[in-house]
Amino acid sequence: MGVNLGDVVPKREVEMEDLFGRVIAVDAYNTLYQFLSIIRGPGGRPLEDSEGRVTSHLSGILYRNVNVLENGVRPVYVFDGEPPSLKAGTVEARRERRREAREELEEAREAGDEERAYVKATQSASLDEWVLESSADLLSLMGVPEVQAPGEGEAQAARIVQNGDAWAVGSQDFDSLLFGADRLLRNLTVSGRRKLPGRNEYVEVRPEVVSLDAVVEANGLDREELVDVAILCGTDYNEGVRGVGPRTAVKVVRETGLETYLEVEGLEVEGLDAVREAFLSPDVTDDYVVEWGEPDRDALLEFLCGRHGFSEDRVLKALDRLELDDGDKNQSRLGVFY
DNA sequence: CGATTAGA
DNA sequence: TCTAATCGG
């Protein structure tokens, strides 16, 4: 979920080819959650192997990374550690929401309502131990590095960018900008269109870059003020003010300032200073290693086909795309845009 | 989501 | 050859 900054954030659409040579600090939680909620079969059931283990995320990781690596983009997956205590309410609320969704999923299945079942299955997706472990295993076999964050993955990913070890954070959420990432890359995808959950509507989806400088520039706010904007709208750490969206929040912070506004309106933000600090000085580490390796073809075949029932033909075809390339598309692509 | 297949 | 539907595990 994260923060609603979409409306006040300038975006620059790019092609995957434009990202050649870039390192992307991928928010693993965000990415896995999307794979898990979206990659579904009939009745909203996730893909699974013959033992009943969910494999939707493995499919997503494999093909996404093949596309990314094939284009000379180097991903590093950043996994969440312990959520800050400020987030406890949000974590609990999400748990409850998933629990409800699972109940409603059962009801929908019993009623034979496939469409509702699909929606509820999506809402009940959760990252359990199996998903995290098998994801780490697959990434490792693909030669894709992983970083374990002490706290929020997005904060750690932002730090990796700040340190110059990655070019952008890869996530759908905007939080990494609040954590100080210089750039955010959304829609790390090669395929054009995506189907909207509602009905038969399709939207063109291309990768898009959001730079923190551009956000700051466009709104006449610095990062600290941007954090105040988010706090007004609501974040994972606080509820936000009813009826205030990003647009008015920017206006309020620029013209009045968050504290004065709260005072005048007789409002209060629970633990305001702590929330600010959670964004401005998050729990991150510089003790990480980012190193890419060669995909282990045999081990990948054993893992995906032998153990989890993937089609050998398809996996081989995917792995072949990782071998012979950079024949035509090599250097001199860096720096075509900022 | 991304790949594959069906169909215009 | 291109796009819409539907597999995949």
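Residue numbers begin at 1 in each chain, while the letters A, B, ... track the order of the sequences.
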Send over the distance from A:I61 CD1 to C:dG8 P, rounded to a whole Å.
20 Å
note: A:I39, atom CD1; C:dC7, atom P; distance rounded to Å ~ 16 Å
Tell me: CZ of A:R40 to P of C:dG9, nearest whole Å?
16 Å
Set of residues satisfying side-chain contact (heavy atoms from CB on, under 4.5 Å) with respect to A:D313, sequence neighbours excluded:
A:S311
Find the distance A:F35:CZ to C:dG8:C1' and express it as a whole number of Å.
14 Å
Sorted by number, the residues of residues 44-58 of chain A with heavy-atom contact under 4.0 Å to DNA chain C
A:P46, A:L47, A:E48, A:T55
Can you measure A:L32 atom CG to B:dG2 atom C1' for me and round it to whole angstrom units?
16 Å
Hey, are A:E259 and A:R276 close enough for a salt bridge, meaning a charged N less than 4.0 Å from a carboxylate O?
yes
Does A:R206 pair with A:E15 as a salt bridge, N-O distance under 4.0 Å?
yes
Scan side-chain atoms only and decide if A:Y77 and A:N65 contain a donor-acceptor pair under the 3.5 Å cut-off.
yes
If the cut-off is 4.0 Å, is A:N65 near the phosphate of B:dG2, judged by side-chain N/O to OP1 or OP2?
no
Distance in angstrom units between A:E312 CD and C:dG8 P, rounded
16 Å
Under 4.0 Å between any heavy atoms, over every strand shown, what does A:R307 touch: base, sugar-phosphate, or nothing? Just pick one.
nothing
For A:L316 and B:dT4, what is the distance between atoms CG and P respectively, to the nearest whole Å?
12 Å
Scan the side chains in residues 137-151 of chain A for donor-acceptor partners under 3.5 Å anywhere in the protein, sequence neighbours excluded, and list what turns up.
{"unit_1": "A:E146", "atom_1": "OE2", "unit_2": "A:S140", "atom_2": "N", "d": "3.4"}
{"unit_1": "A:Q148", "atom_1": "NE2", "unit_2": "A:D80", "atom_2": "O", "d": "2.8"}

Go through B:dA3, C:dG9, C:dG8 for me and flag the one nearest to the A:Y63 side chain.
B:dA3
Partner of A:Q172 by side chain to side chain donor-acceptor pair (under 3.5 Å), out of A:N30, A:D27, A:T31, A:N187:
A:N187
Quick one: sort the A:Y237 and A:F279 rings into parallel, tilted or perpendicular, breaks at 30° and 60°.
tilted
Atom-pair distance (CG on A:N67; P on B:dT4), nearest Å
11 Å
If only side-chain N and O atoms of A:R314 are considered, is one of them under 4.0 Å from the OP1 or OP2 phosphate oxygen of B:dA3?
no
Establish, with yes or no, whether the OP1 or OP2 oxygen of B:dA3 is under 4.0 angstrom from a side-chain nitrogen or oxygen of A:R64.
no
